[in-house]
Number of protein chains: 2
Amino acid sequence: MVPSTTEYESLLRDAELRVTRPRLAVLGAVYENPHADTNSIIEAVRQDLPEVSHQAVYDVLRAFTSAGLIRHIQPPGSVARYESRVGDNHHHIVCRSCGAIADVDCAVGHAPCLTASEDHGYVIDEAEVVYRGLCPDCAAKPNPDQSPRKESRV
Amino acid sequence: MVPSTTEYESLLRDAELRVTRPRLAVLGAVYENPHADTNSIIEAVRQDLPEVSHQAVYDVLRAFTSAGLIRHIQPPGSVARYESRVGDNHHHIVCRSCGAIADVDCAVGHAPCLTASEDHGYVIDEAEVVYRGLCPDCAAKPNPDQSPRKESRV
DNA sequence: TTCTTTACTTGACTGGTTCAAGAAAAGCGC
DNA sequence: GCGCTTTTCTTGAACCAGTCAAGTAAAGAA
């Protein structure tokens, strides 16, 4: 599931991106921490490379996103998050209580809900679905504090 | 479509909210400017009441949202927006080019896509769909600048 | 190894949103 | 209407994710 350093290097070269220590570390952090926010990624990267600046991580994440290596998601009420699963049109479910995020595959057929009943003349090319509800942990405890935690616990 | 001042007052009283001039103005602004962001609402309110503080508008919008009078939406890459259409499970289409937002009714049946193929043990109670594409205007001009404008042009 | 290009560091800054304390107004009972 | 209590609004500061800008360092090509 999680590639090796050599594989990360190939991923970068295939995307015509330069191979640097910060980039390998960021790519590894995104693969090992699904749906992590930028701050978590910075912390993970600094386990290996303590001197990496936050700006470098922001730059690298943006470069990876526009190269299609990773995906940038932004659940309502949350800061930006990143994931390594790309190109398969999956969606997300967000826990109302703790903010945990899980992947959800398409419900109906290959591209569900892509046909809106009334498109107002828009040319629609993509539909993203965000499910909301309670994760197994929060559903178990009846009424804990309702405030979402900052950390995802996927 | 757009209620009168008296009707706004009834809406507030029915929701057990105090009736004040700022609140009437904010409610009117949300009804008259669908999908407006907070700043646009502040500007609209100040047409009537030039002295209203931004903080009051933030407070009022939050009070209305938790009372269910209006709905708070947060399209990826955009600031918070508000709309008066509540309780009918509709979705939104966002123009990639200019950021315009339009309402879209449910595509399939009453609550489409609510059945995920694999729910990871989550208790799902809502699905929100964000369609992406080009609005009629932007689809007409082949290649304008791709940067979204700040203002919605709905 | 040298050179050019791209990436990274440093430090300041922006803008939407929130916090906190006090003044003003709404709505209740009289 | 009149005062009293509670909620709302004003004022002003603060927060924080993310961005900008200038200069240094490193990658990769020749």
Side-chain angles (χ1 to χ4, degrees), chain A residues 8-27 29 35-43 45-46 48-67 69 72-82 99 147-148 150-152, chain B residues 8-27 29 36-43 45-46 48-67 69 72-82 99 147-152:
Chain A
Y8 288 139
E9 218 177 305
S10 310
L11 282 169
L12 290 177
R13 294 199 194 281
D14 291 351
E16 300 187 335
L17 292 167
R18 286 195 179 178
V19 177
T20 68
R21 306 248 287 127
R23 290 184 167 199
L24 290 170
V26 169
L27 194 50
H35 313 125
D37 58 32
T38 310
N39 206 50
S40 307
I41 294 170
I42 291 174
E43 283 172 13
V45 167
R46 287 186 177 155
D48 295 327
L49 303 169
E51 302 303 317
V52 173
S53 65
H54 77 256
Q55 185 68 317
V57 176
Y58 275 102
D59 286 350
V60 169
L61 287 172
R62 173 147 31 174
F64 287 2
T65 302
S66 58
L69 264 185
H72 169 270
I73 57 179
Q74 196 157 2
S78 164
V79 295
R81 292 167 180 272
Y82 295 89
S147 55
K150 289 223 164 167
E151 289 300 317
S152 151
Chain B
Y8 289 138
E9 219 178 303
S10 310
L11 282 169
L12 290 176
R13 294 198 195 280
D14 291 352
E16 299 186 337
L17 292 167
R18 287 195 179 176
V19 178
T20 68
R21 306 249 285 126
R23 291 186 166 198
L24 290 170
V26 169
L27 195 50
D37 58 31
T38 311
N39 206 50
S40 308
I41 294 170
I42 291 173
E43 283 172 14
V45 166
R46 287 186 178 156
D48 295 327
L49 302 169
E51 302 303 318
V52 173
S53 65
H54 76 258
Q55 186 64 12
V57 176
Y58 274 100
D59 286 350
V60 169
L61 287 172
R62 173 147 29 174
F64 287 1
T65 303
S66 58
L69 264 185
H72 169 269
I73 57 179
Q74 196 157 2
S78 165
V79 296
R81 292 167 181 272
Y82 295 89
S147 56
R149 293 173 214 154
K150 290 222 164 168
E151 289 299 319
S152 151

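Residues that satisfy the side chain to side chain donor-acceptor pair (under 3.5 Å) test with A/Thr20, not counting sequence neighbours, are absent from this structure. B/Arg18 meets the salt bridge (Lys or Arg N to Asp or Glu O under 4.0 Å) test with no other residue; sequence neighbours excluded. Among residues two or more places apart in sequence or in another chain, the salt bridge (Lys or Arg N to Asp or Glu O under 4.0 Å) test is passed with A/Arg13 by A/Glu9. With sequence neighbours excluded, the residues satisfying side chain to side chain contact (heavy atoms under 4.5 Å, CB included) with B/Ala25 are B/Val45, B/Leu49.
When rounded to the nearest whole Å, the span between CZ of A/Arg23 and P of C/dT6 equals 11 Å. One atom, CD of B/Gln74, and another, P of C/dG15, lie 18 Å apart when rounded to the nearest Å. In this structure, CG of A/Leu12 is placed 16 Å from P of C/dT6, rounded to the nearest angstrom. The interatomic distance linking A/Ile41 (CD1) with D/dA17 (P) rounds to 13 Å, in whole Å. The distance from atom NE2 of B/His54 to atom P of D/dC9 is 14 Å, rounded to the nearest whole Å. Atom CD1 of A/Ile42 is separated from atom P of C/dC8 by 13 Å (rounded to the nearest Å). Across the protein-nucleic acid pair, A/Arg21 atom CZ and C/dT6 atom C1' stand 18 Å apart, rounded to whole Å. Separating the CG atom of B/Leu24 from the C1' atom of C/dA25 is a distance of 14 Å, rounded to the nearest angstrom.
Position along DNA chain D of the nearest nucleotide to A/Leu17 versus B/Val52 favours B/Val52 as the more 5'-ward residue. Checking B/Thr20 against A/Gln55, the closest nucleotide of DNA chain C that is more toward the 5' end is the one next to A/Gln55.
Under the 4.5 Å side-chain criterion, counting only non-hydrogen atoms from C-beta, B/Thr38 is not in contact with B/Val79. For the pair A/Ile41 and A/Tyr82, the minimum side-chain heavy-atom distance is below 4.5 Å. At least one side-chain heavy atom of A/Val57 sits under 4.5 Å from a side-chain heavy atom of A/Leu61. At a threshold of 4.5 Å between non-hydrogen side-chain atoms, the residues A/Tyr8 and A/Arg23 do not count as touching.
The C1' atoms of five pairs define one axis at each end of the helix from C/dT1-D/dA30 to C/dC30-D/dG1, and these two axes lie 40° apart (to 10°).
Listed by first and then second residue, the side chain to side chain donor-acceptor pair (under 3.5 Å) pairs that reach into residues 50-66 of chain A come to none, sequence neighbours excluded.
Residues of residues 57-64 of chain B that place a heavy atom closer than 4.0 Å to DNA chain D, in numerical order, are B/Val60.
Screening B/Leu12, B/Leu27, B/Val60 for a side-chain contact (heavy atoms from CB on, under 4.5 Å) with B/Leu17, the sole residue that qualifies is B/Leu12.
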Listed pairs, N/O of protein and of nucleotides 2-6 of chain D, under 3.5 Å:
unit_1 : atom_1 : unit_2  : atom_2 : d
D/dT6  : O2     : B/Arg18 : NH1    : 3.3
D/dT6  : O2     : B/Arg18 : NH2    : 3.2

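In this structure, A/Ser53 reaches the bases: a heavy-atom distance under 4.0 Å links it to at least one base atom across the strands shown. Counting non-hydrogen atoms under 4.0 angstrom, B/Arg13 reaches the backbone sugars and phosphates but no base.
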